[in-house]
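Written out below as structure tokens is the structure these notes cover.
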Amino acid sequence: MSLACCVPIVETVYCLACARWLWKKCLYTAGHESENWGHATAQEFEPVPRFCRLILASYEDDLRNPLWAPPGGYRIEPDLVIIRKDYGQTQGRAPPYFVYLDHEHSDIVLTIRGLNLARESDYAVLLDNKLGQARLDGGYVHNGLLKAAEWVFHAENEVLRDLLERFENYSLSFVGHSLGAGVASLLTMVAIKNHEKLGKIGRRRIRCFAIAPARCTSLNLAVRYADVINSVVLQDDFLPRTTTDLEDAFKCFCCLPCLLCVLCLKDTCTFEEKWLGDPRRLYAPGRLYHIVERKPLRLGRFPPMVKTAVPVDGRFEHMVIACNATSDHAIIWIERESQRAFDLMLEREKAMGVPISQRMERQEYIAWEHEHSKEYEAALQKAVDFQVPSVYSHPPSQYGTFQEAEEGESSTRWSDASSLSTGRRRRLGWHDFMKRLFDVDDYWGQQDEE
């Protein structure tokens, strides 16, 4: 009898928990995550619309006779496409991609297209992952995406090296959308780790723009590589927020109520501190750019604005319930809204009376680099304070073209700050600290046993 009386109470508590979860999911729409982030500038956001057009061009069979060109066209020269590989040439090990030589912007761009719903090989790459299966540079990464990135690097590193040696002042950009964004992010990390195969190219000449990326790096790598990897998310895009293991999500897709119940219980009963402390949990990589174009309880699209930050907590941690969660993932919408946002940025600068010839001058560029560098170091310091494993095992790199004296001074400041922060952490024994620094697997296994 007593057990029967408890059933209504349990049902009531569960319904209240579900109502709270549903309300939070609806509340997280309309740019809730990025409301405290800073605004992006036209200078730093300028490559995004251009790279989106390159990604759209990767879907064309004939670039000279395009079928789905956006307004204004792709604005590329088909003769400057150095290499182009389709599914037959990649043998399903990686999505199709091409290498484009952009003389106008002094850039060598490797563009990787997104997930093809009709290709089983793309699903195989996306679902080839288990928690903590693959490691890279002291952190954890998505196993299937890492294999694809390594395949692309070994296939094209000689071509990229020859181009970089011919054009010594050109930068190297890895660009991708959706599945390709995850591959491009890990390809950037692989290229930096094996820079000698690219002719010993400096880290500052390499960059990545991941458009609507999958979660592919652990938190320490996501923050540490924020100086070279940039992730762009349109409003309520579902993929960068997908926290459930993708394979389990696809298994439960036939039973949506079951999936929602599992997500509700997991989000309600899991503290954010535990998420941050799990070194195997994956996140959207690098610096985040959030394009916000809708407001809560209002219809239609508003003039888009772009927020940016290198967050440690709140990296699109929560799935949202929104009508546009899937459409915001489409590259055609991202290209359109990013171009609108960039045009609005230019209009604001023009209204402020900033001469066009002075917008990209070196002093302004250096000031922008210093601002991003400080934000980057603050994110690394915050990760240390939150005790994110292995984020402090490497000193932060610098944005852009700083003087060597400034680099040495910055490294000294980081070393001193890291030492002070270490003293403020929870009271851990020296052996525990060394295990966390050098052996994340053993440390996490001991934590689970406790």
Side-chain angles (χ1 to χ4, degrees), residues 25 27-41 44-52 55-56 112 114-115 126 142 145 174-185 188 207-217 219 222-223 225-226 228-244 246 282-296 301-342 345 375 379:
K25 294 306 172 188
L27 182 66
Y28 271 110
T29 61
H32 175 82
E33 299 102 330
S34 60
E35 60 183 356
N36 296 322
W37 296 4
H39 288 271
T41 63
E44 61 182 296
F45 195 71
E46 178 273 332
V48 175
R50 172 161 49 91
F51 288 150
C52 286
I55 295 171
L56 280 172
I112 308 175
L115 176 68
L126 188 61
H142 189 286
L145 299 180
F174 298 105
V175 182
H177 169 250
S178 187
L179 176 69
V183 176
S185 299
T188 303
R207 63 177 176 175
C208 170
F209 278 85
I211 313 298
R215 299 165 73 95
C216 57
T217 62
L219 184 57
V223 175
Y225 280 86
V228 290
I229 300 178
N230 306 277
S231 294
V232 181
V233 179
L234 175 60
Q235 190 81 25
D236 300 323
D237 187 356
F238 74 96
L239 189 59
R241 296 177 170 87
T242 303
T243 57
T244 310
L246 289 174
L282 302 183
Y283 296 82
R287 169 176 286 275
L288 301 180
Y289 290 89
H290 193 199
I291 305 174
V292 181
E293 57 170 358
R294 292 185 298 274
K295 299 181 181 180
R301 296 175 182 267
F302 290 80
M305 60 179 178
V306 183
K307 298 292 195 72
T308 182
V310 186
V312 177
D313 52 335
R315 297 182 68 89
F316 299 120
E317 284 303 299
H318 302 276
M319 289 289 292
V320 297
I321 297 177
C323 299
N324 303 93
T326 53
S327 63
D328 285 348
H329 186 68
I331 183 61
I332 189 171
W333 275 112
I334 300 175
E335 187 276 333
R336 187 176 305 174
E337 297 304 320
S338 63
Q339 185 63 56
R340 286 183 60 200
F342 178 65
M345 292 177 187
E375 187 176 5

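As the structure is a prediction and not an experimental result, all values here were calculated from the model.
- Not counting sequence neighbours, the partners of Gln339 by the side-chain hydrogen bond (donor to acceptor under 3.5 Å, both in side chains) test are Arg53, Asp343.
- No donor-acceptor distance shorter than 3.5 angstrom exists from the side chain of Asp236 to the backbone of Asn324, with no hydrogens or angles considered.
- Counting heavy atoms from C-beta outward, His290 and Trp37 have side chains that approach closer than 4.5 Å.
- The CD atom of Glu46 sits 5.0 Å away from the CZ atom of Phe342 when rounded to the nearest 0.5 Å.
- Within the 4.5 Å cutoff, side-chain heavy atoms of Pro311 are placed close to those of Leu288.
- Contact between Phe174 and Ala184 at its shortest, heavy atoms only, is CB-O, 3.9 Å.
- For the pair Ser231 (side chain) and Ala284 (backbone), a donor-acceptor distance under 3.5 Å is absent.
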Evaluate side-chain contact (heavy atoms from CB on, under 4.5 Å) for Thr308 paired with Glu44, printing each intermediate quantity in order. CA-CA 10 Å; Thr308 182; Glu44 61 182 296; 4.1 Å; yes
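- Between the Asp237 side chain and the Thr326 main chain, no donor and acceptor come within less than 3.5 Å of each other.
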Decide side-chain contact (heavy atoms from CB on, under 4.5 Å) for Val175 and Ile55; before the verdict, give the C-alpha distance in whole Å, the side-chain angles of both, and the deciding distance to 0.1 Å. CA-CA 8 Å; Val175 182; Ile55 295 171; 3.6 Å; yes
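- Distance alone, capped at 3.5 Å, is enough to place a donor-acceptor pair between the His142 side chain and the Leu126 backbone.
- To the nearest 0.5 angstrom, Ser327 atom OG is 10.0 Å from Ile334 atom CD1.
- Side-chain contact between Leu56 and Glu335 is present, with heavy atoms from C-beta onward closer than 4.5 Å.
- Residues Leu239 and Phe316 fail the side-chain proximity criterion, which asks for heavy atoms closer than 4.5 Å.
- Judged by distance alone, the side chain of Arg287 and the main-chain N or O of Asn230 form no donor-acceptor pair under 3.5 Å.
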Worked verdict on Trp333 versus Leu234 for side-chain contact (heavy atoms from CB on, under 4.5 Å): CA-CA 8 Å; Trp333 275 112; Leu234 175 60; 4.1 Å; yes
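- Counting only heavy atoms from C-beta outward, the side chains of Ser338 and Phe45 approach each other to under 4.5 Å.
- The shortest distance between side-chain heavy atoms of Ile331 and Ile211 falls below 4.5 Å.
- Taking the side-chain hydrogen bond (donor to acceptor under 3.5 Å, both in side chains) definition, one finds that Ser178 meets it with His329, sequence neighbours left out.
- Pairing each heavy atom of Pro285 with each of Ser185, the nearest pair is CG-OG, 3.4 Å.
- Using a 4.5 Å cut-off on side-chain heavy atoms (C-beta onward), Lys307 and Ile291 make no contact.
- With sequence neighbours excluded, the residues that form a side-chain hydrogen bond (donor to acceptor under 3.5 Å, both in side chains) with Arg207 are Asp107, Ser173.
- In this structure, Leu179 and Leu145 have side chains that are in contact, with non-hydrogen atoms separated by less than 4.5 Å.
- Heavy atoms only, all atoms of each residue included: Asp328 and Arg294 are closest at OD2-NH2, 2.5 Å.
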Check the pair Cys216, Leu282 against side-chain contact (heavy atoms from CB on, under 4.5 Å), reporting the backbone distance first and the verdict last. CA-CA 5 Å; Cys216 57; Leu282 302 183; 5.5 Å; no
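- Between the Arg315 side chain and the Gly286 main chain, a donor and an acceptor come within less than 3.5 Å of each other.
- For Phe51 and Phe209, the ring centers sit closer than 6.0 Å to each other.
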